[in-house]
Every structure is written in C-alpha cells, then in structure tokens.
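Predicted model only: the values in this text are computed from it and were never measured.
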Amino acid sequence: MNPIQRYAAIIVGAGHAGVEASLAIARAGFPVLVITMDTNAIARMSCNPAIGGLAKGHMVREIDALGGEMGLATDATGIQFRMLNKSKGPAVWAPRAQADKKQYELYMKRVLEAEKNITLLQGQVVELLVKDGVCYGVRTKSGETFFGEYVILTTGTFLQGLIHVGEENYPGGRRGEAPAVGLSDSLRAHGIDLVRFKTGTPPRLHKDSIRWDILEEQKGDEPPLPFSYRTKDFKVEQLSCFMTHTNEKAHAIIRKNLDRSPLYAGRIAGIGPRYCPSVEDKVVKFPDKKSHQIYLEPEGRDTDEIYMNGFSTSLPKDVQEVALREIRGLEKAEILKFGYAIEYDAAPPMQLKHSLETKKIKNLFFAGQINCTSGYEEAAAQGLMAGFNVIRKLCGQSEFALDRTEAYIAVLIDDLVTCGTNEPYRMFTSRAEFRLLLRQDNADERLMLYGFQFGLIGEKTFEEFNQRLDRMRADVKELKAKRFKNDTLYQYLKRPEIRYKELLLNDLHSSILKDDEIHRVESEIKYEGYIAQQKTEVKKFLKLEKKKIPEDLDYEKMPGIGREAKEKLKKIRPESIGHAARISGISTCDLSILAVFIEKTAKEKR
C-alpha cells in the first residue's frame with residue numbers, strides 16, 4: 001500500500017465508470033486512490049460481454065475521442081465486430097463488438113496498474129467523511145481512513161445488493177461476490193435519497209452442448225472496423241455468434257411457473273429495465289408474440305461459456321433448465337451458470353449537477369449505475385465526465401459540461417439530471433434531437449479537441465485527426481470543382497442512387513481517402529439539407545442555453561406560476577432557460593415568466 005493517505009481523488013469502485021474516472025484524473029497528473037472490493041474484477045462485464053450497439057456505440061466513439069480507454073480496450077480484446085443498421089441512414093449506424101470477457105478485465109487491470117498516479121486498493125468503503133457539507137474522504141470496513149480532495153462513487157449494483165433465483169435470495173453484488181453494506185446508510189445519513197432498482201442476467205451454456213449446425217450463424221464484418229481512432233493496423237480473427245428463438249412450448253412452461261418467479265411473486269421490489277426485460281416479462285407483456293430472438297454469444301476465445309442474450313431470468317433453476325431445452329438447438333444444453341436477478345440501491349440523479357457532483361454534498365460525485373443507468377457504455381461515459389470535472393476543480397476552473405448539440409454523452413447526463421428516471425436509463429438514438437449531427441463517424445470532429453485540451457489525446461493523435469479533416473475538406477473541394485454532364489460531382493453525388501465509389505470505378509474522380517472517410521464525406525453531402533436544418537435548430541437551442549439562471553435565484557418570490565412548477569424549479573435548480581425548458585411540467589408561459597423574473601432580479605442587484 002502506498003504510504004500516502006491523502007489523494008487528489010478517491011474513486012470507490014473499479015467498474016467501467018471507475019476505470020474511466022481514475023485514468024482521466026491520473027493521466028492529468030494527479031494522485032488517485034481506487035478502492036475496489038476485488039482487484040481481480042476490474043471492468044468486469046457482469047452481463048453481456050459486448051461493447052457498443054445502438055446509440056451505445058456512438059458513446060464509445062465519443063469516449064474514445066475524448067481520450068477514454070473503452071474503445072482501445074475493445075479493439076484489443078474484441079472477438080467479433082459489426083456495424084449495425086447499415087441498411088438505414090447514417091445517423092443510426094452503430095458499431096458493436098463482442099469482447100473476450102476475461103481478456104477485457106485483464107487489459108483494464110494492466111492499464112490501471114501501469115498508471116504511476118493510481119494506487120489500487122482492495123477494500124470496502126462503508127462511510128463517507130463529510131464536514132460542513134463537504135466530502136473529504138472515506139472510511140473502509142477494516143477501519144482505515146483515506147482523505148481525498150474529491151470522492152467519486154461508482155458502486156454499480158453492489159449497494160445493498162440482493163440476488164434472486166426463484167424462491168432463493170441471498171446478499172451479493174454479482175454472482176459469487178459480496179454486496180457493499182454500510183455505504184447506503186452513510187449516504188442516507190447525509191441526505192442522499194436512494195431507491196431500489198433491479199437488473200438481471202441470463203444462463204451461460206456449455207458450448208459443446210449446443211447444436212450449432214441447425215442455428216443461424218452471424219459473422220462479423222470483413223474487414224472489421226475498430227472503435228478507437230488510435231487503433232492502428234487493426235486485424236482480428238473473428239468468432240461467430242448464432243441466433244435461435246423461444247417458442248410456444250417454452251412460453252407455456254414460463255407462464256405455468258410465474259408464481260415461482262420472484263419478479264411476479266412480489267419478492268423483488270426494485271424496478272427493472274424496460275428495454276432489457278426478463279424472459280418472464282416478455283412472455284407476460286407480449287402474450288400474442290409466439291417467439292423472441294435469442295443470440296448465443298461466446299464469452300471469450302478460451303472459455304466454454306456461451307452467453308444466452310435475450311433470456312435474462314430469475315426463474316428457479318429447474319424451470320430455466322426445462323424451458324430452455326424446448327428451444328431449437330438447446331435441446332441438450334448444459335447450463336454452466338443459471339440466470340439471476342439482482343436488486344441494488346441507486347440514487348435518483350436529479351440530486352446531481354451537470355458536472356455529476358451532488359448538490360447536497362460538495363466534492364462528492366456519482367457515476368455509473370448508482371445514477372439509475374444501465375449499461376457499460378453509459379457508466380464509462382459518466383465516469384469520464386466526472387473525471388473531467390474533478391480535473392477542472394483541481395485546476396481551479398469552472399465545471400465542464402457538454403451540451404446536447406455536441407454528444408450523446410451530454411444527452412445522457414442532461415436527461416438524468418433534468419428529468420430523472422423511474423427505471424434503469426438506457427441510451428437510444430431517439431433520445432437525441434440532433435442525431436444527424438451526432439453520428440458515430442464524426443465523434444472525433446465533435447469532441448477530440450476537448451480530449452486534447454485535457455491532455456488525454458496526444459499531440460500525434462491530434463495531428464493525425466487534423467490531417468484527416470484536411471484530406472476530407474480537400475476532397476469535397478475537388479468534388480465541387482469537377483463536373484459530370486450538367487452537374488458538379490458534388491451535386492451528382494446528392495442523388496440517392498449514386499454512390500461515391502461509383503465515381504472512382506467510372507474514373508470520374510480519384511481519391512486518397514480511407515473507406516471510413518469516404519462514408520463520412522458521402523453522408524455529409526447526401527444529407528446536407530437536413531444537416532443545415534439541424535444546425536439552424538442548434539442555434540436556437542444554444543440561444544436558450546446561454547440564458548443562464550443565477551444559482552441563488554429565489555423562486556419563492558417569482559409570481560405567476562403554479563406551485564408544482566415552482567417546486568420543480570426549486571428542486572432541480574436549472575442552470576439555464578434551455579435546461580428549465582426540458583423539465584417535465586414547465587410550460588412556455590412559465591419560461592416567459594422566469595425570463596422576466598431573472599431580468600428583474602438582475603436589475604434590482606445593480
């Protein structure tokens with residue numbers, strides 16, 4: 001153990017949020033203590049060993065552009081890479097990778113251990129040290145006290161974790177791991193509200209017990225595209241995933257045993273994720289649907305475990321076994337690990353500022369599932385943003401917050417702190433108003449400058465980024481100059497049926513652009529009108545965001561608005577008129593009154 005007992009930052013937890021937060025702060029040059037209950041479970045993929053997907057893939061590319069580690073880790077340990085939604089418009093194209101679960105953990109552990117400014121400690125934090133509303137350290141179960149200028153809690157599903165399998169339930173933060181007990185009481189004692197949420201995981205099957213020959217194979221893309229802008233000479237030997245379906249027989253078995261499901265027998269009080277429901281939920285809530293997709297995904301290159309994506313369940317073990325053996329290809333499947341549900345404490349995120357600092361306790365930040373989110377990508381994004389804001393504070397600077405026009409990460413955080421959530425929050429492309437501007441292919445253009453300014457993107461990477469932009473701009477200039485028949489090539493390419501590569505094949509144009517750069521140029525040209533329209537909407541949005549609301553504004557003195565609206569404004573304390581406009585129940589009339597009241601208050605102070 002490092003003899004230093006005082007740190008710039010203390011990170012509690014070493015999941016996906018804790019990893020990104022600690023690396024960002026340490027790489028900025030500050031000493032960081034990471035306290036985790038198991039130093040061999042760093043960035044463990046508790047559920048599906050996959051990174052990215054719809055909207056989540058956008059966030060991973062954003063994390064990478066900002067200098068985070070998730071994209072690099074995925075490229076280094078991935079076993080299958082696919083671009084989803086390629087038949088649709090570019091705004092919803094989304095990269096996804098199946099990762100080697102164990103190798104991903106080992107990669108992240110090596111990275112943390114190699115960082116000279118990180119001290120890694122195995123232990124359990126049970127108490128926050130708070131004085132006069134300011135957090136200044138933590139105390140562990142063993143009685144050790146550690147002091148930090150800032151504390152970031154990234155506790156995942158471990159706070160008062162309770163695992164359910166059928167009629168059984170027992171304390172646990174994950175299968176085979178103890179829960180975090182005591183910290184919830186400390187949070188409540190300092191005025192932090194907590195709720196109970198629930199998530200779940202499916203069975204793992206032995207690969208040799210599955211009839212692969214009768215299942216539908218899903219191969220990765222060739223050539224595979226990396227997540228990280230910093231990955232060079234990307235090559236990977238890809239493994240296939242396979243698809244099957246539930247059926248009426250399996251559904252009948254599940255219905256017959258619902259009284260033994262803790263979810264339907266009332267033994268689970270926590271609210272589960274709407275967009276990743278258990279198989280019990282699917283059968284009950286979609287009674288007319290005769291089957292549901294199941295993806296069989298390898299957990300790694302050197303393991304026999306197959307992840308049963310789409311069959312999350314907390315049914316009793318005997319029911320799981322009987323039901324899944326009715327599924328095509330799984331008639332003789334051997335279950336290595338049974339599915340389970342887990343309940344845990346989370347903190348409603350409207351208690352946070354956009355910086356992810358808590359409003360009630362200064363210098364205390366929350367990131368990840370403690371903020372009522374689900375997913376590795378959502379957690380990593382929050383961890384990175386919390387890390388950035390700790391860096392800003394350590395440097396005596398103002399808070400750092402992206403806005404909704406810049407990143408899905410901003411949409412995530414703004415949704416959480418403005419509107420809160422009644423269920424585990426999951427990111428979707430539909431949540432972003434400006435998704436045509438927030439494509440997965442242009443995350444570097446949107447965000448890499450920030451990563452460079454924080455010192456997480458190196459000079460060489462930033463120089464390569466600028467050279468990439470210069471190449472694309474020069475190519476667009478050429479397309480505008482060259483003509484074919486009555487149009488410039490730029491205009492010709494706007495036609496829906498014309499593709500950029502056709503210009504090359506027909507010797508109408510020559511290019512030094514890489515495939516991903518060609519796709520980006522083509523998207524910008526074909527959707528130019530829509531992009532221009534969204535940029536106009538962005539200007540209106542930013543105008544409202546610039547109208548800041550004083551932190552000490554006394555809403556009780558504001559006349560003309562209802563009690564409910566006034567209570568919401570007092571509770572959330574929006575930072576701008578735009579922020580206030582996104583609060584449920586605040587009308588345009590309320591906003592007009594608020595704007596007038598701010599101006600009047602400012603005049604009175606002059």
Going by salt bridge (charged side-chain N to carboxylate O under 4.0 Å, His left out), name the residues that satisfy it together with Glu280, two or more places apart in sequence or in a different chain. none
CE (Met37) and CD (Gln122) are apart, to the nearest 0.5 Å, by 9.0 Å
Test applied, side chain to side chain contact (heavy atoms under 4.5 Å, CB included); reference residue, Leu412; option that passes from Met385, Arg426, Gln382: Gln382
Determine whether a donor-acceptor pair (N or O, by modelled atom type, separation under 3.5 Å) exists between the side chain of Ser278 and the backbone of Asp281. yes
Hey, which of Phe227, Tyr376, Tyr408 is the one that makes side chain to side chain contact (heavy atoms under 4.5 Å, CB included) with Val60? Phe227
Flag the pair Glu567 and Arg563 as a salt bridge only when some basic side-chain nitrogen lies within less than 4.0 angstrom of an acidic carboxylate oxygen. yes
Taking the six-membered ring for Trp, are the ring centroids of Tyr295 and Tyr307 within less than 6.0 Å of each other? no
Going by the side-chain hydrogen bond (donor to acceptor under 3.5 Å, both in side chains) test, which pairs reach into residues 74-88, not counting sequence neighbours? Asp75-Thr231
Could you state the interatomic distance from CD (Glu326) to CD (Glu321), rounded to the nearest 0.5 Å? 12.5 Å
Taking only residues two or more places apart in sequence, or in another chain, which ones meet Asp414 in a salt bridge (charged side-chain N to carboxylate O under 4.0 Å, His left out)? Arg404, Arg582
For Glu222 and Gln238, test the side chains for any donor-to-acceptor distance below 3.5 angstrom and give the result as yes or no. yes
With sequence neighbours excluded, tell me which residues meet salt bridge (charged side-chain N to carboxylate O under 4.0 Å, His left out) with Glu20. none
side-chain hydrogen bond (donor to acceptor under 3.5 Å, both in side chains) contacts touching residues 152-164 (sequence neighbours left out): His164-Glu343
Mark yes or no for whether Arg260, through its side chain, and Lys256, through its backbone, hold a donor-acceptor pair below 3.5 Å. no
Distance-only check: which donor-acceptor pairs under 3.5 Å involve side-chain atoms of residues 182-189, not counting sequence neighbours?
residue : atom : partner : partner atom : Å
Ser184  : OG   : Asp345  : OD2          : 2.7
Ser186  : OG   : Leu128  : N            : 3.0

Verify, without hydrogens or angle tests, whether Thr429 (side chain) and Val92 (backbone) share a donor-acceptor contact under 3.5 angstrom. no
